[in-house]
Amino acid sequence: MWPRPSAQTVRRLLLLAAAYIATGWLGLQVPYSGSHITLVWLPTGIAVAALVGWGWRIWPGVFAGAALVNLSMGSPVLLSAAIAVGNTLGPMLTMVCLRSTAFQSTFKRQRDVGIFIACTALGMTVSSAMGVLCLTMWGVMAPVAMPLGWLSWWMGDTVGVLLAAPLLLTLNRYAISKLRGDRLTLLLWLAVAMPVAWLVFLRDAPQIGQTQPLAYLTLPLLAWAALRLGPTGAALAGLGFSLVAAWGTSTGHGVFHQSDMHASLFLLWSYMATTMLTGLLITALLAERRQVEKTLRASEQRLRTILETEPDCVKIIDHQGNVLEMNAIGLTMLEADSVQAVQAHGLINFVEPRDRAAFSTLHQRVMQGANATLAFQVKGLRGTLRWLETHAAPMRDANGAITMLLSITRDITERRHTEENLRIAASAFEAQVGIMVTDPQGVILRVNQRFALDSGYTAEEAVGQTPRLLKSGRHDDAFYTAMWTALRHEGSWQGEIWDRRKNGEIYPKWMTITAVRGDDGVLSQYVSTQMDITERKTAEDEIRHLAFYDPLTLLPNRRLLQDRLSLAIAGKARSARLGALLFIDLDNFKMLNDTLGHDRGDLLLQEVALRLSTCVREGDTVARLGGDEFVVMLDDLGLDVTAAATGAETVGEKILATLSHPYLLAGHGHHSTSSIGITLFGHRDASQEDLLRQADLAMYQAKAAGRNTLRFFDPAMQTAVNRRAELETELRQALVAGQIIAHFQAQVDGVGRITGAETLARWQHPQRGLVPPDEFIPLAEDTGLILPLGRTMLETACSQLVVWSRLPSYAHLTLAVNVSPRQLRQDDFVPQVLDMLDRTGADPSRLKLELTESLLMDNVEACIAKMAALRARGVGFALDDFGTGYSSLSYLKRLPLEKLKIDRSFVKDVLNDAAIVRTVMALAQSLGLSVIAEGVETEMQRQFLVNQGCQAFQGYLFSRPVPLADFEQLLK
Ligand code: C2E
Ligand code: CA
Ligand code: CA
C-alpha cells in the first residue's frame, strides 16, 4: 500500500513532471541528426537535482515526465515506458551514489565536484544504455548505430546533468538574494558576456575550423562569474554559454560548427563539460579557501581575544630585541599607548639600569633555545616603577630556526610589596621583645626567638601549649580575672607579670596583650609582647638600694631603719617578744675627720660598718644614720625584760670591744672607741621616733659617763644590768674562793631506803648567805661560768663517791650531778669526765648525770655519741624534768638513758595530771627505763606514784637538799 502522498509531494511531483516535459520539449527542438537522441538532455539534470534535493520518492515525477515526453514524440507506449524506466534509473543511480559518498550539494569542496561528475557519468551509462537498447529493440535504431548512439545519448545526458543539476542544487533563497545583491555585477557581466557569446557562438565563422580558440574568450567571463557570483553564478554562466553554444552550433553558427557534424558535436560537448567543470571547480576552490580563511580568522580572533584578556603581558621580540607584538596589558605596564611607542623608546630602556645586563642575558639565552625566567624592575613612560617577572621561550619558524622570543610577563609589584611587608613583619617578629601568638582559646600558635630565649621553651615545646605553661603561681585568680576583663572590654592589657622559666626560675616581665580581630570583627588571635624586665628590676632594686642604703657603708640608711623598726614594733605588739635599739656613736670621730681628712674618716666608717655586722645575728639590722652614728636593731631577745636587757647589753659589750680594736686605715694605725645607748622595745608602747630618741639620749649618757661604754635608757634596766655585771664578777670570784658548794638531796626507793642523792649547787655568799641556784645558774650559763662551776660540782661528787666507797654503809650510794647544755656541748666533755673519774678513782657506775630534754634537742647525734662513750664506762644518765620537753618516742629510744625523772610540776599536781604520770610510767616501761619522781612533798603523792608503779622518789617528803654532814646524818 502506498502512503497517501502529501500535498507538497504532489506539488513537487507535478512540478518535476512539468519541468521535465518542458525542458525535454525544449531539448527536442535542438535535435541531433533528427534522431531520438538530443544534443543536450537537461531533464535528466532536473531529475538528478530533484532526487538529490527532495529524495528518491520523487521518482514517479521523473518517470511520468520521461514517459510523456517520449509519448509526445510519437513513440509507442511500451517504448516510451521502457525509455522512461532508463531515464528514471539513471538519475536514481546517480543520486544513490552521491548519497553514499557524503556529497554536499553546495559544491563548496573540490571533492564534491569530482564526486558529482563521477556519479553522473556512472548513472548516465544506465539511462543511455537502456535508451539505446530499447530503440534498437523497437527497431528505431539500427544495431550498427548502437555504439555511437549510446555515446551520444550518454554525453547528452551527462552534459544535461552537468548543466542543470548544479544550478538547481545551488539555487536557493540565499543564492538568489546574493545574485540580487550583485545585480550590478550581473548586469555588467551580461553586458560583456552577451557580445562575447554572439561573437563566439552565433557569428558565422569566416573559415570553418579555424576560430575555435575564440571559445577561450568565455573562460575569463566564467571565472569572473564563479569568483564574484558563487556556484549559482558559475552554473548560470556555464549554462548560459552552453545553451547559446548548443543553439549556435545546432543552427550551423559559431566556432564549433564543423563540416563534420560529429566533430562539431564532440567539440560542443567538451566545451560544455569543461565550462561547467571549470566553473564548479573555481567556486569550490574559492569556497575552500574562504573556509580556510574563515577558520584562520576565527582562530586568530580567538587568540587575539585570549591575548587581550590575558592578565599578563604577552609580547613577541625579535632577534634584535625589538618588540613586534605586545598586548594591551603589556602597554599598560610600560605606560605606552601603542607598540610603536614601545619600539620608539626601545624595550631595554624601560628596564632599570641595574637589571639591564640580566635582561640582555635572558634575551640571549632564550635566543639560543633556553626557557628562562627573570624578575626585574621597569620604569614606565610616565615614570612609574614596577616589578615584573617574565617567562620567556623561543619561537621557531617552520624550519625549526629560532626567529623570535615569546615572553609572558607579570606585574609582581604587589607581591614584592607583600613580600617586603612579610619580611619586615618577620624581622619585627624576631625583635628584641618576646612575642607569643595564641588562638582565641589561648593555645600558643607561634613564639619568636626572643621568647624562647627568655622562657627557656623552644618554639616546638611552646606551640600547642597554653600560657599556663609559664604560670609562676605568684599571681592570684583576681589578677588573671582582671587581665581577662581588660582584654574583653578594651581589647588589650598591659602590666607586669611574673612568669616561670623552664628551669623553674621566676622572672618579671612587662607584657602587652592585644586581641586581634579579622575584617569581620571576629577575634582571631591574641598577640602578646613580653619584655624580660629582670634587668630593669635589678636596676630598680639598685635605685631602691640607693634610696634605702647608705652608699658609703652599704648599710641600711635611716629610712630603711625606720621602716624596719616600724615593722618590728608592729610585730612585737603581736608576739610580745622584745627587741632592742643600740645607738652607737664613735668617740672623737670629728677630730679624726678634721685632722686626718675625710678619706681616712670614710675608711674608718666602712671598717666600723663591717665590724658591726660581725657582732649581730642574721635578722638583726645594722644601719648608718649619717656621720659617725650607727644603730643596731636586735630583733629577738625573748619574752623576759631582764633577759632581753642582758642580751642587748651582751651585744653592746661585744660591739664596744670589737670597735675598740686597732684599725689600719690606708696603712696608718688608728685607735677608736665608741659610746652606745640602748633602749628596749616591745614591752611598752613607743613609736620608732621615741625609740631612736631614747637610744640617742642613752648614748649621750654613755658619753657623759666617760665614753667607750654603754648606757640603758631605762634606769631600772640600767640597775639590773649593773647588778648582773657585779654578780658576774662576784660569781667569778666565788668560784675561785670555793664559795660554790654542793648540797645533797636524798633519793629513796619504794620502801624509803636512801639509794643516793642529787647534788645541787649553792653559793655560800659572804654577805648574802646561801644563794639558791636560780639566782646564779642562768648567769653562769650566759657568761660561761657554768663550765668551771660544773667542773667543781662534778669533782665534788666524784670525790664524795670515793670517800663513801671506802665506808661499807655508804658504798652503795649513787650521786646525781646536773649537767648544763653548755657543758655537754663542749667538745672535750667526755675526756673531762673520764679524766675526773680516773683522777679521783670514783666508780663510774655510781655517777648519774642529769640532762634536760632541751639540751638534747640540738645536735642529737653528737649528744648520743658522747652519752654512749660515757655509758660504755658505766656512767648512768637520767632525763631531768621529763615531760616538759617535746621528746618524741623514736628520739628517746635512741638515747642511752637509764632513768626518766618525772618533773616536779606533774608530781605537784599528781591528782590532776594522773594521765600524764600514767603515760610516763607506761612509756618508761616500754623503753625499759626506770622512773624517779622528783618534788614529792606529800604521802598522798608518794602513794599515788607507788600505785602507778613508781619505785624511786626525791622530794621534801624525804629530805630537802642539805649540806653533806646533814645528809650523812640522814643516812644513820
Ligand atoms: P633540778 O635539777 O630540777 O633540781 C631539783 C630542784 O627541785 C632543786 O631546786 C630542789 O631544791 C628542788 N626540790 C627538790 N624536792 C622538792 C620538793 O619536794 N618540792 C619543791 N618545791 N622543790 C623541791 P634547787 O636546788 O633550787 O635547784 C634548782 C635548779 O638549779 C635545779 O633543778 C637545777 O636545774 C639547777 N642546779 C642546781 N644545781 C646545779 C648544778 O650543780 N649544776 C647545774 N648545771 N644546775 C644546777
Ligand atoms: Ca636535777
Ligand atoms: Ca628537775
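Basis for what follows: all heavy atoms, side chains included, without hydrogens, waters or symmetry-related copies. In each ligand, atom 1 is the first atom listed, and ligand 1 is the first ligand listed.
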For ligand 1, note which part of [X] has a heavy atom under 4.0 Å away: side chain, backbone, both or neither.
{"X": "Val817", "value": "neither"}
{"X": "Arg904", "value": "side chain"}
{"X": "Gln954", "value": "neither"}
{"X": "Glu934", "value": "side chain"}
{"X": "Leu957", "value": "neither"}

* Structure fact -> Per side chain to side chain contact (heavy atoms under 4.5 Å, CB included), Gln747 is matched among Arg753, Lys901, Glu934, Lys848 by Lys901
* Asked: Does any N, O or S atom of Asp881, backbone or side chain, fall under 3.0 Å from the Ca ion (ligand 2)?
  -> no
* Asked: Is the Ca ion (ligand 2) less than 3.0 Å from an N/O/S atom of Glu850, whether that atom is in the backbone or a side chain?
  -> yes
* To do: For the residue pair Ile740 and Gln764, establish whether any side-chain heavy-atom pair is separated by less than 4.5 Å.
  => no
* Asked: Taking the side chain as C-beta and beyond, is there a heavy-atom pair between Arg791 and Met836 under 4.5 Å?
  -> yes
* Asked: What N, O or S atom of Asp880 is found closest to the Ca ion (ligand 2)?
  -> OD2
* Answer with yes or no whether Pro961 contacts ligand 1, where contact means a heavy atom under 4.0 Å from a ligand atom. => yes
* Hey, does Glu781 sit under 4.0 Å from ligand 1 if you only count heavy atoms? -> no
* Quick one: side-chain hydrogen bond (donor to acceptor under 3.5 Å, both in side chains) partners of Ser905, sequence neighbours excluded? -> Asp903
